[in-house]
Structure formats: structure tokens, C-alpha cells
K.L.:
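Quick one: the structure is below, questions incoming.
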Amino acid sequence: MKFAYYKAESVQEAMAMLGEFGDKGKIVAGGTDLLVGIQHGKYAAPEALVDISFIDELSQLNAQNGDGLSIGATVTHGAVCKAPNIFEKFPALVEACSQLGSPQVRNLATVGGNICNAAPSAETAPALVVLKAMARIAGPSGERQIELNEFFLGPSRTDIKQGEMLVNLQLSEPAQGSGNAYFRLSPRNALDIAIVNVAAYVKLNKDYAFEDVCICMGAVAPTPLRASIAEKAMFGETFSEKLIREAGQLAKTHSVPITDVRASAEYRKEMVAVLTERALTKAYERAKLNM
Amino acid sequence: MEIVLDAVEKGALSVVGKRVPRVDGAEKATGQAIYVDDISLPKMLYGKVLRSPLAHARIKNVDVSRALCLPGVKVAISAQDLPDTCYGPFIFDTPVLARGKVLYVGDAVAAVAAVDEATALEALALIDVEYEELPPVFDTDFAMDPEAPLVHENQEAYIKTFQAVQKGNICSHTTFIEGDVEAAFNQSDYVYEDSFTTQMVQQTPIETNGTVADYDISGRLTIWTCTQAPHLMQIRICDGLHIPINKIRVVGLRTGGGFGGKVEPKTQIIAAALAQRAGKPVKLVLTRKEEFTVTSPRHSSKITVKTGVSKEGKILARTVKAVFDTGAYADDGPGITGFGGMMSLGPYKIPSYRIDGYCVYTNKMGAGAFRGFGNPQCAFATESHMDMVAERIGIDPVEFRLKNVLQNGDLSVGGIPMPSVGVKECLEKTAKAAGWGKFLGKNRGMGVACLQHISGVLSSSAIVRIHGDGTATVFTGAIDIGQGSDTTLSQIAAEELGLPMEAMSIVAADTASTPYNWAVTASRITRTNGNAVRLAAADAKRQILELAARFLEVSSEELEIVEGQITVKGSPERAMKMHDIGGISHWATRGPIIGSASVMVEGHKYDPEKVIGFPFGTMAGFVFGSHIVEVEVDEATGRVQVVNAVAAHDVGKAVNPTGVEGQIQGGLVQGLGYALFEEIIYDEKGKVINDTMLDYKIPTALDAPNITPLIVEETDPGGPFGAKGVGEPTLVGTAPAIANAVKKATGVRIMDLPLNMEKLWREMKKR
């Protein structure tokens with residue numbers, strides 16, 4: 001197969017190239033999903049690849065004090081794992097990034113790519129959703145922002161329209177009294193795909209009651225799925241093993257996994273409960289340390 | 001053959017037993033090694049194979065004419081273009097391209113060669129094949145039913161290399177009998193029977209199978225390929241295409257993993273047939289998908305074990321019924337079924353037994369050799385069963401095994417005396433190192449498994465040349481596929497010649513220049529080829545000393561070679577340099593020195609009343625081992641993490657301890673994949689549904705536990721410097737040890753592999 005390769009120097013240039021090639025062009029950064037997908041026939045071979053990985057603006061990872069976290073579209077999973085100060089506030093994100101692929105893959109694969117590829121099992125999606133990431137998207141008519149929770153439309157489908165591109169992901173500073181965590185289940189310890197993954201974010205009020213809860217499940221629906229019924233059930237309650245178990249059961253009921261070669265739907269549902277309990281418990285422990 | 005062990009006993013070895021670096025290490029570590037896909041020849045074409053979409057169908061017609069019209073396509077062939085013949089290691093049941101019927105999804109129907117891969121792929125789509133679908137057979141229980149459709153309709157007519165016992169879809173039934181089993185069961189205080197199943201697994205070498213073939217104007221065929229067996233490949237190509245062996249040159253390149261999957265032909269014969277017609281070189285490399293769907297995986301099996309024991313814990317009798325699913329073609333199946341059966345007593349003294357192994361055709365890809373050759377399946381069953389018996393009679397599993405282990409001089413299945421049996425030491429060492437019996441905490445468990453294997457079978461030969469400067473080269477047919485034979489065979493020759501490693505080089509695995517070796521298989525290279533190399537070196541040494549004797553004016557018996565100096569024993573000042581002997585022999589008198597040797601493992605004859613339908617003549621070099629693993633089980637998910645592993649292997653004299661340890665580590669981890677997650681999964685139409693590295697999961701470095709490899713050296717009087725083999729047995733003990741450890745951790749006994757997390761979770765729920 002043959003395709004043209006263009007190296008964009010700026011977001012503007014990349015946008016111009018995308019405009020020119022229309023649906024025959026594809027953005028590439030790490031290429032770990034795209035190039036493998038093209039080779040295996042998952043995507044039709046594009047006529048042109050527009051490489052955005054040399055655009056300085058997109059490779060910025062900023063964790064300024066008190067100002068949240070800004071992840072440029074081409075920041076790699078490896079960069080997130082290695083950056084200081086991120087784990088302290090956004091452990092769920094680092095836990096997700098550090099479990100993706102292998103060191104070699106993590107050093108190439110971008111968080112933005114992981115999101116735009118929109119696999120139902122995407123490693124970073126649940127973590128970014130519970131951290132309420134905002135996706136900044138550039139388009140021919142300017143920039144727009146969308147909550148990541150609204151971003152995923154289906155397997156390999158996102159809200160990004162033709163001619164648009166992801167510029168960065170913005171995470172606001174976690175509130176005092178909050179904690180977050182990510183768990184995934186896969187047979188292998190590396191180079192594997194999640195059978196189920198779950199991220200949780202909780203915020204406690206001064207009485208240690210749950211004031212905000214966000215649970216996101218992966219690989220159990222066409223898109224990352226918020227366990228909203230479980231979230232609501234926890235609101236205003238204080239931590240107990242019984243409460244966490246109930247939340248796990250509600251998340252399980254909410255999930256709609258399929259049976260495939262990797263696991264049965266029944267097992268996936270049960271594992272949603274297990275991982276939800278674990279993620280909530282871990283997030284709660286972290287929240288208590290952050291009062 | 002008499003091999004003197006004096007030097008081993010005196011500890012006077014200078015090269016053998018040393019941790020010398022691998023001779024192929026630098027080129028592989030730096031990426032300079034040449035693999036088959038690196039080969040590119042002028043005007044080379046690319047081959048592709050059209051494969052059956054159906055599991056079982058009659059071929060009404062194959063028409064390649066449209067493919068031939070596509071620009072860039074040079075050759076397109078089907079069975080009608082090839083000699084009407086079949087090949088195979090034990091049963092000649094395999095055509096080069098399917099003839100008359102296709103027998104599984106993926107069966108090779110036609111092949112093309114074109115100027116590039118894209119054109120070759122396009123051409124495949126233009127080949128018209130008319131099929132008449134037949135009812136398939138996917139399960140061995142159904143296949144053994146007299147009503148089942150026959151996969152091979154006329155198997156009686158096939159050429160066989162042994163007295164095969166066949167019936168319906170059973171292509172080989174091997175039986176081993178000793179003593180009066182029924183009487184022994186009656187005398188037993190307890191009799192237990194358990195049934196197990198194991199799954200189909202793939203070797204998953206990092207390099208897929210591939211070949212570049214070239215056929216010249218003089219009718220000479222050259223095959224550059226990744227293989228475990230260049231000389232065996234010559235024979236298969238000769239059988240498949242009727243080209244005489246002397247016209248076939250097979251060059252074994254650096255090979256990126258074999259594990260049994262590169263013994264029998266995968267691409268070689270088809271590439272040769274294409275090159276023969278093209279008059280140009282043809283490259284044929286399998287895709288990963290093909291590697292997963294058409295090469296020769298480990299047989300799935302159903303095994304029932306019944307054991308009678310006395311109340312003191314002595315095993316008195318055993319019966320084993322092992323059914324192996326060999327798929328569409330027998331391949332090594334008859335040997336695997338027989339050998340697996342042979343190993344199913346484990347390393348224990350069992351006075352009465354009857355073992356029946358059935359090798360059964362079905363409409364799946366033909367299963368074949370994979371590290372262990374039937375032993376992993378049978379050891380999983382029998383070593384799980386050993387723990388189950390121990391638990392029922394209330395004896396500790398290690399103690400139960402120690403009560404029954406084989407000792408020096410005991411007889412193997414089939415009655416061959418085993419002169420060196422180190423299983424007791426292996427078991428004691430692993431139990432001590434692992435801390436057997438210590439408190440482990442919740443959800444943790446420790447499991448043990450012992451094993452036996454062989455390392456001596458069939459024939460090999462070797463040549464050692466002494467050069468004009470006194471250095472030497474070993475010529476061997478054995479290919480180094482990563483197991484380290486280039487290094488160990490060099491060490492053996494260096495030791496025998498009295499030369500340092502720096503004075504040695506090795507040429508391996510080119511049938512045009514290196515002498516015959518059956519195959520790199522059966523864990524046999526160190527012992528079987530090692531003997532040939534040692535004897536060839538001894539032959540060269542004799543000639544060196546005879547020549548030196550003329551100049552030093554003594555008899556050659558009075559001479560020895562020490563660090564490259566030929567000296568008169570007791571008078572080291574009377575000496576000649578090897579350099580001088582090399583020079584004199586090339587330029588002054590006698591002529592160049594060449595040592596050579598051929599060996600065959602032979603001698604013992606099986607009693608035809610007790611060993612029936614077994615495809616091997618005899619075996620030697622029995623090796624032993626013991627694995628102990630510690631697991632931690634996630635109670636909520638069923639996920640098993642192997643945290644520690646100790647493995648001891650009786651390898652005879654360890655020629656290169658670092659190499660032995662590497663084999664132990666590698667085999668143990670490969671066994672972990674077999675135990676926990678590897679499995680080829682078929683859909684109801686006979687199609688493999690997990691044909692990618694993502695969904696066929698082999699262990700990664702992060703899945704490997706802390707491994708303590710232990711070497712036990714029960715020297716074998718029949719091996720070079722007392723050496724035996726180690727390649728396969730290192731895998732064999734892992735799966736049963738893990739299953740036994742999981743039982744300890746959870747109370748759940750898993751009797752069908754793989755022990756994957758969903759399966760264990762389901763079983764734990766039933767507790």
C-alpha cells in the first residue's frame with residue numbers, strides 16, 4: 001500500500017492539509033493504532049497521512065500548580081507516566097497510561113490518539129472521563145470544546161468531524177476532598193487489552209459523605225459508559241463496604257457487555273462489580289488523604 | 001559406544017562446564033544476523049497460497065487460468081501440476097497442495113508466484129475453486145465413532161514408516177503393556193481415576209515460517225529457510241516433488257524460534273514447486289494469521305488416568321487412555337501420541353501398567369511437534385492426578401512422589417534401562433529451595449510437578465577439520481535456533497581436542513557442506529549430536545597425535561594436547577604447537593586432518609508383545625526434572641499470578657550452565673502460557689477465531705515469575721562428557737505445578753487447560 005506523508009509544522013498547517021485531503025487524509029501521531037489498523041485492513045488505506053507529532057504546541061504537557069492539567073494532543077502515555085506531579089493529583093490517569101501496551105508502545109502512542117481511536121476498551125478513556133476532561137477541538141471555523149463524556153459516539157467513532165482535529169485535553173484541578181483511581185482486568189501484565197476497565201472519582205464533604213461521584217466503565221458498551229445509577233445511589237452517603245458493594249452491583253446492572261473471544265458477557269458484568277468496588281475504595285482512600 | 005567419563009569425574013574439564021558466551025550472541029544482539037525475510041535475490045518473485053475456506057469438502061475443480069492472465073503473475077499451480085504423491089514423517093498422508101479434498105479451513109489448495117506480494121494476493125482472488133461441502137469432524141469423540149465421516153478415506157493405502165494400528169479416523173494407536181494390571185489394581189488399597197483435557201496451542205515463534213527457493217538451469221534446488229531440520233527438509237522435498245536429495249540444498253538460516261513448529265515443512269515445498277516452474281527465486285513467508293491457522297500446533301487431548309496405590313503410598317498399577325486430536329494430517333502425531341503415552345507414567349516406578357494412545361484425524365489444522373512432544377499433555381494429566389491421589393490418601397505431594405521416584409538402573413516404559421536418574425535430587429532440591437511446606441498466607445499456594453523426558457534418538461554425524469594454523473572448525477547438521485547448539489557443540493569439540501574456545505569455529509545446517517543430522521528436536525542435540533561431534537574431534541585428535549608422534553619420536557599414546565600444545569605426557573618440554581601440526585599436514589606431509597563420526601541411538605529392542613504401534617525404534621538419554629511454583633490467586637476475578645518458581649533439571653553434565661539456565665527459564669515461562677492463557681479457539685465452522693497476537697496470548701516478561709533454575713548433574717555414561725539434554729522438559733512441569741498450586745490456594749481443581757481467569761472464577765463460584 002502507498003500513501004503520501006506530510007509533516008505539519010503548525011495546527012494551522014495541519015488544518016489546511018486536512019481541508020485539502022478531505023476524507024482521504026488521516027492524522028497520524030504515534031501511529032500505533034493507525035498504522036497497524038491500516039496494515040490489518042481495519043481502515044481503508046488513506047491517500048495522505050498528516051503527521052502532527054512535530055507541532056510543538058501539541059506536545060505540551062502542563063501541570064501547573066492549581067491550574068489543572070493540560071495534555072496536548074500528541075503527548076505520549078510515556079510522557080504522562082514520567083512527568084512529576086501528575087500522579088499526586090491524577091493517579092487514575094497515570095494508572096491508565098502506565099498499563100497501556102509496553103514501554104515501547106507507551107513512548108510512541110499518544111493519549112490523544114487513544115481517545116480519538118475510540119476503542120470501547122480504550123485504556124485512558126474511563127480515567128479521563130471521570131476526571132471530567134474537556135476536549136479542545138480545532139476546526140475550519142475555529143475552536144470548540146466538548147466534555148469527554150460526550151465525545152465518544154461508538155467504536156472508532158467520535159464527535160470530531162471531518163476537517164477537525166483534537167488539540168488538547170484539559171483537566172481541571174481536582175477539588176479538595178477528592179480522590180480518583182483506575183483499575184483494569186486483563187489476562188496478561190503487559191501488551192494486553194482490558195476485558196473490563198473502570199475509573200472512579202469521588203469527592204467527600206467535610207462530613208465524609210460523598211458529594212460527587214463519577215464512575216466510568218470501559219469494554220462493556222460501545223463507548224466508555226458512566227455508571228450514573230451507581231453514582232446517584234452514593235450521593236450523600238458515607239463510605240461503607242455495603243454501599244460500595246451496592247454501587248458495584250448497580251454498575252454491573254448498568255453495563256451492557258458482549259460475549260467475545262476474550263470473555264463472556266456474564267464474566268464481564270461480574271468483573272464490572274469487582275473493579276467498581278476496587279476503584280471506588282481506592283478513590284475514597286485517596287480522598288480521605290486529601291481533606 | 002564407550003564414552004570415558006574419567007575427565008568428568010576428575011573435574012579436569014577446561015571448556016565443557018564453563019559459562020562461555022554464546023558464539024552467536026553478538027550478531028543477534030546487534031541485529032546483524034540474517035533471517036529468511038532479509039534474503040532478497042535478483043528477479044525474486046513472491047509466493048502466496050490459496051487456502052480452503054471450508055473445513056471438509058471435495059474439490060470438484062481448480063482453475064488457475066484467470067490468475068495466470070493477471071500481469072505480473074508468473075506461476076499459478078494446483079495439485080494437478082504436481083507429482084501425485086504425499087509425504088509425512090510417519091504416515092505419508094500430506095499432499096503438497098490439496099488433492100481431491102480439502103481437510104481443514106486453511107488447507108493449501110493452490111499457489112502463485114508474482115512480481116510482488118500485492119499482485120500475488122490479487123491473483124489468489126482470481127483462482128476458481130469449485131467445492132462440494134462434506135460433513136466435518138471436529139471432535140475426537142465423534143471422530144472415533146464408527147458412524148463418523150472419514151477425514152482420510154483410504155488411509156490403508158498410505159506409506160507408513162512403522163507398523164501403525166489404524167481404524168476409522170484413528171491413524172495410530174500405540175499401546176504399552178507391563179505386568180498384570182487388573183491383578184495389580186485388585187491388590188491395591190486404593191484405586192482412583194481422573195480425566196483431563198488440554199487445549200490446542202501454537203508455538204508462536206517471533207519469526208513466522210518462510211522460505212526463499214531457487215531452482216537453477218541444471219536442476220539444482222536451493223532452499224534458504226528458517227528450519228529446525230535442513231536434512232529432514234531435503235527428504236520431505238524429495239518425497240513431495242520427486243527431486244533427488246543430491247540436487248537439493250537446504251540452507252538453514254538464523255531462525256527466530258522453532259519450538260517444534262519448524263521441523264516439518266510449512267513453506268519449503270510449495271516455494272520449491274513455484275521456483276521450479278518460475279525459473280526464478282521465489283520468496284514465501286507466512287503471515288502471522290497463517291502461522292496461527294495453518295501450522296502445526298500442539299495437539300489438544302483427552303486423557304484418563306487410573307492409579308492403584310497401597311496404603312503406604314506405593315504406586316502399584318496405572319492405566320492411561322490418551323486421545324490426541326491430530327487434525328487434518330498425521331504429521332508427527334503418531335510419534336507424539338506414542339511418546340506422550342510413554343511419558344505418562346511420570347518419573348515413577350510403576351510395576352504394572354497399560355497405556356493406550358490414540359492419534360485421531362479431525363477437520364482442523366494438522367497438529368505436530370511442540371516442545372515436549374506429547375509430554376506436556378500427559379504430564380499435566382498425570383501430575384495433577386498424582387496430587388489428587390496424594391490428597392485422597394492423606395500424604396504430602398512431595399512425600400508421595402519421593403516414595404515412588406525412579407532410581408538409577410530402573411527401566412523406562414518399554415524396558416530400556418536408565419543409567420542416570422536424577423529425579424530424586426531434583427525434587428529434593430526444588431522442595432528445599434522453594435521452602436516447601438512454609439506458611440504462605442491467604443489465596444497463595446505452592447504446587448509441585450515432576451517429569452521425565454528423553455534426549456537421545458536417531459542419527460547424527462559430524463566433521464572436524466584442523467586448519468593450517470592449528471585452529472579447528474566443526475561441521476554439523478544441527479541448526480542453532482536459539483537453543484545454543486553452536487556454542488555447546490563448539491565447547492564439546494574444543495574439550496576433546498584440547499583447544500581453547502577461541503581456536504574453534506562452527507559451520508552448521510547447510511546440507512551442501514555439513515553432514516547429516518536428523519533434526520533439532522527431541523532435546524537431542526547436546527547428547528546425540530554432541531556424541532557425533534565429540535567422536536569426530538576424537539578422530540581428528542588421533543590423527544594429530546599420530547602425526548606429532550613422528551616428529552616427537554614417541555608413540556602417539558604418550559602424547560596429549562593441553563591448551564593447544566601437543567606434549568609428551570610427563571615431559572612438557574618435549575612439545576609441538578597445534579599451529580605446526582596444522583602447517584605440516586597442509587604443506588609437508590600426510591595431508592590435512594579431517595575427523596568424522598556418525599552415531600545412531602540403537603541397541604534396545606522393544607518386546608513386540610509389550611510395545612505395540614510405537615513409531616520409534618529406541619530411546620536414550622533419559623532426563624528428569626521437578627518444578628515448584630507459588631501462585632497468588634485474585635479471589636474475586638480468578639486471575640492467577642505466578643510469583644515464584646523453582647525448577648531443577650537433571651541434564652547430566654551441564655556443558656554450558658548459562659545455556660541450561662536459559663532453557664529452564666524460557667521453558668518454564670512458555671509452560672506458564674500453556675497453563676494460564678494460551679489457546680487456539682475454533683468456531684463451529686472450523687475456523688480459528690483468535691488468529692492475532694492480541695487474542696492469542698503468550699506470556700510477556702512481566703508475566704514471568706522470579707525463577708530459580710537449579711542444575712542437577714547425574715552424568716549419563718552414554719552422553720558426551722556425561723551430558724544429556726534439556727530443551728523440552730523445562731516446559732513440561734510448569735502447567736501441572738500451577739494447577740496443583742491453584743488447588744492449594746483456592747481449593748479448586750482445574751482439570752482442563754488453560755486455567756484462565758474466567759474458568760477459575762466460575763469454578764470458585766461453585767465452592
Side-chain angles (χ1 to χ4, degrees), chain A residues 1-2 32-33 36-37 39-42 45 98-106 119 121 123 183-198 219 241 244-245 248-249 252 257 259-281, chain B residues 116-119 121-122 199 204 206 287-289 292 632-643 669 672-684 687-705 754-765:
Chain A
M1 71 203 62
K2 283 185 183 142
T32 54
D33 275 317
V36 177
Q39 234 171 18
H40 287 192
K42 185 179 164 193
S98 65
Q99 290 184 72
L100 177 129
S102 63
Q104 293 89 334
V105 174
R106 290 196 286 274
S121 59
E123 201 81 65
F183 283 82
R184 78 133 182 213
L185 182 65
S186 58
R188 268 198 309 222
N189 289 332
L191 279 167
D192 211 346
I193 185 168
I195 280 178
V196 173
N197 54 2
V198 175
E241 275 184 30
I244 297 298
R245 214 165 31 245
Q249 291 302 314
K252 168 184 142 182
T259 293
D260 64 13
V261 68
R262 292 167 197 152
S264 70
E266 182 200 359
Y267 181 66
R268 282 199 164 100
K269 276 180 106 69
E270 293 296 335
M271 293 307 107
V272 165
V274 172
L275 297 197
T276 300
E277 287 177 29
R278 287 180 183 174
L280 284 170
T281 306
Chain B
D116 55 38
E117 258 187 289
T119 309
L121 279 172
E122 214 182 320
Q199 80 282 33
T204 329
I206 291 307
T287 63
R288 180 60 63 185
K289 188 181 158 74
F292 274 126
E632 180 164 11
V633 179
D634 184 332
E635 239 188 327
T637 64
R639 196 174 190 277
V640 175
Q641 186 71 46
V642 182
V643 286
V669 174
L672 183 151
Y674 183 45
L676 296 181
F677 26 72
E678 292 185 40
E679 180 174 23
I680 292 281
I681 303 170
Y682 278 89
D683 70 10
E684 70 284 359
K687 190 171 175 295
V688 174
I689 52 175
N690 58 335
D691 55 6
T692 66
M693 290 291 241
L694 180 61
D695 283 322
Y696 183 90
K697 295 180 199 298
I698 57 171
T700 69
L702 290 187
D703 301 299
L755 207 164
N756 65 38
M757 51 192 195
E758 181 166 348
K759 191 181 287 174
L760 181 57
W761 171 79
R762 279 184 196 287
E763 292 303 317
M764 285 197 299
K765 264 204 323 186

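Just so you know, these numbers use all the heavy atoms, side chains as well, and skip hydrogens, waters and symmetry mates. Reminder, nothing fancy here: chain letters follow the sequence lines and each chain counts from 1.
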K.L.:
For Ala636(B), is it the side chain, the backbone, both or neither that has a heavy atom under 4.5 Å from a heavy atom of chain A?
P.N.:
both
K.L.:
For the candidates Val261(A), Val274(A), Asp260(A), which exhibits the highest count of non-hydrogen atom pairs separated by less than 4.5 Å from chain B?
P.N.:
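Of the candidates given, the most pairs with chain B belong to Val261(A).
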K.L.:
Where does Ser102(A) contact chain B at under 4.5 Å (heavy atoms): side chain, backbone, both or neither?
P.N.:
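Answer is neither: Ser102(A) stays 4.5 Å or more from chain B.
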K.L.:
Using heavy-atom distances under 4.5 Å, tell me whether Asp683(B) contacts chain A through its side chain, its backbone, both, or neither.
P.N.:
neither
K.L.:
Residue by residue, which of residues 265-272 of chain A have a heavy atom closer than 4.5 Å to a heavy atom belonging to chain B?
P.N.:
Glu266(A), Tyr267(A), Glu270(A), Met271(A)
K.L.:
For Pro699(B) and Arg188(A), which heavy atoms make the closest approach, and how far apart are they?
P.N.:
CA-CD, 4.3 Å
K.L.:
Between Gln641(B) and Asn189(A), is any side-chain donor less than 3.5 angstrom from a side-chain acceptor?
P.N.:
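Their side chains do contain a donor-acceptor pair, which is all the 3.5 Å distance test asks for.
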K.L.:
Can you name the residues that form a side chain to side chain contact (heavy atoms under 4.5 Å, CB included) with Lys759(B), not counting sequence neighbours?
P.N.:
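Applying side chain to side chain contact (heavy atoms under 4.5 Å, CB included) to Lys759(B) gives Ile750(B), Asp752(B), Pro754(B), Asn756(B).
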K.L.:
Thinking salt bridges, do Lys697(B) and Asp703(B) make one under a 4.0 Å N-O criterion?
P.N.:
no
K.L.:
At a heavy-atom separation under 4.5 Å, does Ile698(B) approach chain A through its side chain, its backbone, both, or neither?
P.N.:
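Contact with chain A is through both the backbone and side chain of Ile698(B).
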K.L.:
If we only count heavy atoms from C-beta on, is the Leu672(B) to Phe677(B) side-chain gap below 4.5 Å?
P.N.:
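In contact.
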K.L.:
Tell me, please, which residues at least two apart from Glu758(B) pass salt bridge (Lys or Arg N to Asp or Glu O under 4.0 Å).
P.N.:
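Here the qualifying residues are Arg762(B).
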K.L.:
Can you find a heavy atom in the side chain of Met757(B) that is under 4.5 Å from one in the side chain of Leu185(A)?
P.N.:
yes
K.L.:
For chain A, find which of Ile689(B), Thr287(B), Thr637(B), Val640(B) contributes the most heavy-atom pairs closer than 4.5 angstrom.
P.N.:
Thr637(B)
K.L.:
Just to verify, what does Glu763(B) make a salt bridge (Lys or Arg N to Asp or Glu O under 4.0 Å) with, not counting sequence neighbours?
P.N.:
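Listed in chain order: Lys766(B).
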K.L.:
Out of Ala273(A), Ala263(A), Pro187(A), which one racks up the most heavy-atom pairs below 4.5 Å with chain B?
P.N.:
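Top count of heavy-atom pairs under 4.5 Å with chain B: Pro187(A).
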K.L.:
Once rounded to the nearest 0.5 Å, what's the spacing between atom CD1 of Ile195(A) and atom CD1 of Ile193(A)?
P.N.:
9.5 Å
